[in-house]
**Q** 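Below is one structure. I have some questions about it.
Chain letters run A, B, ... following the sequence lines, proteins first and then strands; every chain starts at 1.
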Amino acid sequence: MKKEISKTFDSATEELEIYKSWEESGLFNPDNMQKYLEDAGFTVKESFTITLPPPNANGAPHLGHMCGYAFHDAVGRFMRMTGHPTLLLPGKDHAGIQTETVFTKKLLSDGKDKQEIGREEFYKQCYEFCMENMQNAREHEQRIGLSADFSRELFTLDPKLTEVIYSTFYKMFEDGMVYRDKRIVNQCPHCMTALADIDTEHEEMRGIFAYIIYPFVEESDRQKAKEKFGVEGITVATTRPETMLGDTAVAVNPKDERYKEFIGKKVLLPIANREIVVIAEEDTDIELGTGALKVTPAHSPVDFEIGKKHSLDIVNVINEHGKMDGDIPERFKGLGTVECSKALCKELDESGLLVKIENIKHEVAVCERCHTPVEPIISNQWYLNVESLAKKALKALEEGEISVVPSGQQKALEHFYANIQPWCISRQLWWGQRIPVWYSGGKKLYDWLLENKGKTVEDFEKEFGQKVEGSGKIYLGEHEPKSENGEVWEQETDVFDTWFSSGQWPFSTLGGLEGEDFKKYYPTQMMIHGRDILFWWSARMIMFGLYRTEKVPFSLVLLTGIILAPDGSKMSKSKGNGVEPKEIFDKYGADALRMWYYSDALPGSNSPLREEKIKGNRNFVTKIWNASRFILMNMEESELKAISSTGIPQTERVEKTRDHVKKVKNYLEKNQFNLGVEAIREFFWHQLCDVWIEEVKSEIKEKKEGDEERVEKLAELLHILKENLKIMHPFVPFVTEAVWRELVDLGLADGLLMSQQIG
RNA sequence: GGAUGAUUAGCUCAGCUGGUUAGAGCACUACAUUCACAUUGUAGGGGUCAUUGGUUCAAAUCCAAUAUCAUCCACCA
């Protein structure tokens, strides 16, 4: 007796089971897939690889991640079904600063302090924390149907990867691209680390614009100023009065008639009581404020450049905690910048040097992660000169070795490369790959010698009145070098910027340049991710790829749309408008969610989550199940054998199906997923179901069981169904595989649908 | 300040290299249907394709300007 096929496709339970059967087949592993193709006598085409974007291991993946995987998986499945041993390589990202922040908070809520447990223990616990989260992330990936080879899964802090990352660093050092430099850098006082420019965002904030008088030193100048301006000094305007304590000049535009005669004259910096000079600087905006700019090289990127140009002194007055510090009056020490600003304004007002304070709105750079305003301060950091890499990357883009979809983003990327600045790659964190450098005699000595060209270790000892044990040289390596003549090695405490390691993802995950997988599966073919990380990630991967492998790491970057909350705003934890992927899976199933992504989350679009649309796709999934079930229901057990042994009938319907498959294949090859889903929906539903099945229904109505014509018609329908299942599989893998399984049960098909070949 | 993109039905968007009455999904209206369909089917309403010029036999599609929006980049004190 033929078994009853259940009336509905219960996605919530069936999907998990189906996924298991895929996994057990081992075909997610490209080596196995290749063998399968060979054994089955198919032509084996070139391998297809995507190193999947690793989600952060510090939390649950969101709908945006799922979206990316849906696209990856559709491509992967299609490639697998067209003869390519396919590797989708999954991983998880340690996400440096973000995870350190999250985990530190977690520790705090458990009543533990990061400093107390210490660096090693922190690292260990954080690692465990990530491992736990990884499991969760993996479950999500499998839930959406991601056909990735989890036997190759990697964590970005895996020692195997670290080895590759380090070797890149060594090579870059030898090539003179990586160096230590003392310059102005964005310091996040909350995360307590330096940040690259790209790791900051700009937010509009309310601020003040204070006009302060800097009196001239010479009596004659004071008189002239008094006549000209009504006050005995030059008035500067600033949004950050507190930085005046670190001023080392006042800049005016040489074309500015008002100040021309005062260039080279000295003014007395109020409160700090230091004499500073008025300099001519062409970049000074005559129109802005008073046209006179106070110059604080230590705490403003613009001023830093001016300072460099005019060899000005650098006076640090703010420390890495964002507190007032350094050579300033005692009463200001330890104050926050805003407090200090208030205190200063009060004193200036009392001494008649404060002209006015305007309230303004202005853009302030904030830390991308914690949104604390960053403090520009001077510090020693490791830098990577990416200019030559960017040039190569730009060339690769221009020559079409890599393309970005949508193309508008490609232009943005080109612009990024064309205007790239040295990249600060060191972070004052514990969570990440520790920079493999050792300083003989200490880090301070190395930096001092770098800063004071021509000076010696002896000079350092004299300057600081202390004896040092070491040469001031550095050693590159993971482990402490042997100590000779009692020299003391100090290990670098900083870690790499997380993008320095994830930028090498396409080859580090394949075992590095010597890896077996690297030889077989590199370069990869594609990269799919949200457009929000284009500059951070793909931009870096292209540069690293070209540098280490002399090949582009992938030839296509496909940017998915952004998934928004139902009301069109950005989903965010803080707003609480996020939707858990699990909710959608449980309610509508992965196939329905996938369909929605393909039709709505197109490159360059923003898609608010619309449940009713996912519901509509769920209906389509149900339709697939039911139509298939109906076709099978019409087959009597006694006919099965005859049906399966009937050859492919040459009918108009079969012909049209062939054209349809060709069309969808074409869409998939061009990554036009939206057109693909539209086509399969239209064809399966409104052609096969609404027309053909109805036709056949009446055609066989009068025929008796076992009638030759009846068998032929059913065989035709079966063939059409199978072709449809195959071409729909990349989009809706679960339901199609479930139907296929029913076919196998009836002896009408073999194996797994995922490994069938599309003709 | 710069760059890029968008502007097509109520909503989210397709519409490739210009060519018959401009499409889909969802929503909406009417009718039918429990015949496989936690429904489905049939029919239908709804758009001066942002505005204004231009190129062309022909433009939603190419060009220019304008407006609005979005995203990204940027050191304007």
**Q** Take A/G291 and A/F630, find for each the nucleotide of RNA chain B with the closest heavy atom, and name the residue whose nucleotide sits nearer the 5' end.
**A** A/F630
**Q** Could you give the CD-to-C1' distance, from A/Q409 to B/U4, as a whole number of Å?
**A** 7 Å
**Q** Quickly work out the A/K663 NZ to B/C16 C1' distance and round it to whole Å.
**A** 14 Å
**Q** Taking atom C1' of B/C75 as reference, at what distance in whole Å does atom CG of A/D285 sit?
**A** 13 Å
**Q** May I ask you to say what A/E305 touches in the nucleic acid, namely base, sugar-phosphate or nothing, with a heavy-atom cut-off under 4.0 Å?
**A** nothing
**Q** State which of B/C75, B/U39, B/A36 makes the closest approach to the side chain of A/R618.
**A** B/U39
**Q** Do you see a donor-acceptor pair shorter than 3.5 Å between the side chains of A/D285 and A/N253?
**A** no
**Q** Taking only N and O in the side chain of A/K411, is any of them less than 4.0 Å away from OP1 or OP2 of B/G5?
**A** yes
**Q** Please enumerate all protein N or O atoms sitting under 3.5 Å from an N or O of nucleotides 19-28 of chain B, with distances to 0.1 Å.
**A**
unit_1 : atom_1 : unit_2 : atom_2 : d
B/G25  : N2     : A/K613 : NZ     : 3.4

**Q** Check the surroundings of atom CD in A/E612: do more than 12 heavy atoms from other residues, nucleotides or ligands lie under 6.0 Å from it?
**A** yes
**Q** For residues A/S599 and A/N674, is any side-chain donor paired with an opposing acceptor at under 3.5 Å?
**A** no
**Q** Roughly how many Å apart are B/G19 and B/A58, using the C1' atom of each and rounding to a whole number?
**A** 7 Å
**Q** Looking at every strand, decide which applies to A/S628 at a 4.0 Å heavy-atom threshold: base, sugar-phosphate, or nothing.
**A** nothing
**Q** Roughly how many Å is it from CD1 in A/I624 to C1' in B/C37, rounded to a whole number?
**A** 13 Å
**Q** Looking across every strand, which nucleic acid part, if any, lies under 4.0 Å from A/F535 by heavy atom: base, sugar-phosphate, or nothing?
**A** sugar-phosphate
**Q** Distance alone, cut at 3.5 Å: any donor-acceptor contact between the side chains of A/D303 and A/H299?
**A** no
**Q** Go through the steps to decide whether A/F71 and A/Y597 satisfy the test ring pair (Phe, Tyr, Trp, His ring centres under 6.0 Å), and finish with yes or no.
**A** CA-CA 8 Å; A/F71 282 95; A/Y597 282 139; 7.1 Å; no
**Q** Do A/E678 and A/Y667 have a side chain donor and acceptor closer than 3.5 Å?
**A** no
**Q** Can you check the distance between B/U48 and B/U55, where both ends of the measurement are the P atom (answer in whole Å)?
**A** 26 Å
**Q** Can you confirm if the aromatic rings of A/F9 and A/F734 lie within a centre distance of less than 6.0 Å?
**A** no
**Q** To the nearest Å, give me how far apart CD1 (A/I420) and P (B/A3) are.
**A** 20 Å
**Q** Taking the P atom in each of B/G47 and B/A24, what is the distance between them to the nearest angstrom?
**A** 15 Å
**Q** If you draw a 6.0 Å radius around CD in A/E387, do more than 12 non-hydrogen atoms from other residues or ligands fall strictly inside?
**A** no
**Q** Identify, between A/T239 and A/D197, the residue whose nearest nucleotide on RNA chain B lies closer to the 5' end.
**A** A/D197
**Q** Please check this pair: side chain of A/Y417 against backbone of A/A539, looking for a donor-acceptor N/O pair closer than 3.5 Å.
**A** yes
**Q** For a quick check of understanding: with a heavy-atom distance under 4.0 Å over all strands, which category does A/L675 fall into, base, sugar-phosphate or nothing?
**A** sugar-phosphate
**Q** Using a heavy-atom cut-off of under 4.0 Å over every strand shown, decide if A/K670 touches base, sugar-phosphate, or nothing.
**A** nothing
**Q** Determine the interatomic distance between C1' on B/G25 and the same-named atom on B/A14; round to the nearest Å.
**A** 10 Å
**Q** Using a 6.0 Å distance limit plus a 45 degree cone around the ring axis, check whether A/R618 lies over the aromatic ring of A/W596.
**A** no
**Q** Which value, in whole Å, describes the distance between the C1' atoms of nucleotides B/G2 and B/A9?
**A** 36 Å
**Q** Begin with the C-alpha distance, continue with both residues' side-chain angles, and end with the deciding distance and a verdict on side chain to side chain contact (heavy atoms under 4.5 Å, CB included) for A/L293 and A/I306.
**A** CA-CA 11 Å; A/L293 164 69; A/I306 296 175; 3.9 Å; yes
**Q** Determine the contact category for A/E694: base if any of its heavy atoms lies under 4.0 Å from a base atom, sugar-phosphate if only primed atoms, P, OP1 or OP2 are that close, otherwise nothing.
**A** base
**Q** Would you please confirm or rule out a distance under 4.0 Å between OP1 or OP2 of B/C16 and any side-chain N or O of A/N666?
**A** no
**Q** Please state the C1' separation for the pair B/G15 and B/C62 - nearest whole angstrom.
**A** 16 Å
**Q** Could you check how far CG of A/N186 sits from P of B/C75, rounded to whole Å?
**A** 8 Å
**Q** Applying a 4.0 Å non-hydrogen cut-off, can you work out what A/A627 is touching in the nucleic acid: base, sugar-phosphate, or nothing?
**A** base
**Q** Using only heavy-atom distances, decide whether a donor-acceptor pair under 3.5 angstrom links the side-chain of A/E414 to the base of B/A3.
**A** no
**Q** Could you give the distance separating B/C13 and B/U51 at their C1' atoms, to the nearest angstrom?
**A** 22 Å
**Q** Under 6.0 Å between the ring centres of A/W499 and A/F535?
**A** no
**Q** Hey, where does RNA chain B pair up into stems, meaning at least three consecutive Watson-Crick or G-U pairs with distances under 3.5 Å?
**A** B:1-7 with B:67-73, B:10-13 with B:23-26, B:28-32 with B:40-44, B:50-54 with B:62-66
**Q** Using the C1' atoms only, state how far B/C69 lies from B/A30, rounded to an integer number of Å.
**A** 38 Å
**Q** In this structure, how many angstroms lie between the P atom of B/A77 and the CZ atom of A/R240, rounded?
**A** 11 Å
**Q** When all nucleic acid strands are considered with a 4.0 Å heavy-atom cut-off, which category describes A/D690: base, sugar-phosphate, or nothing?
**A** sugar-phosphate
**Q** In this structure, how many angstroms lie between the P atom of B/A74 and the CD atom of A/E363, rounded?
**A** 12 Å
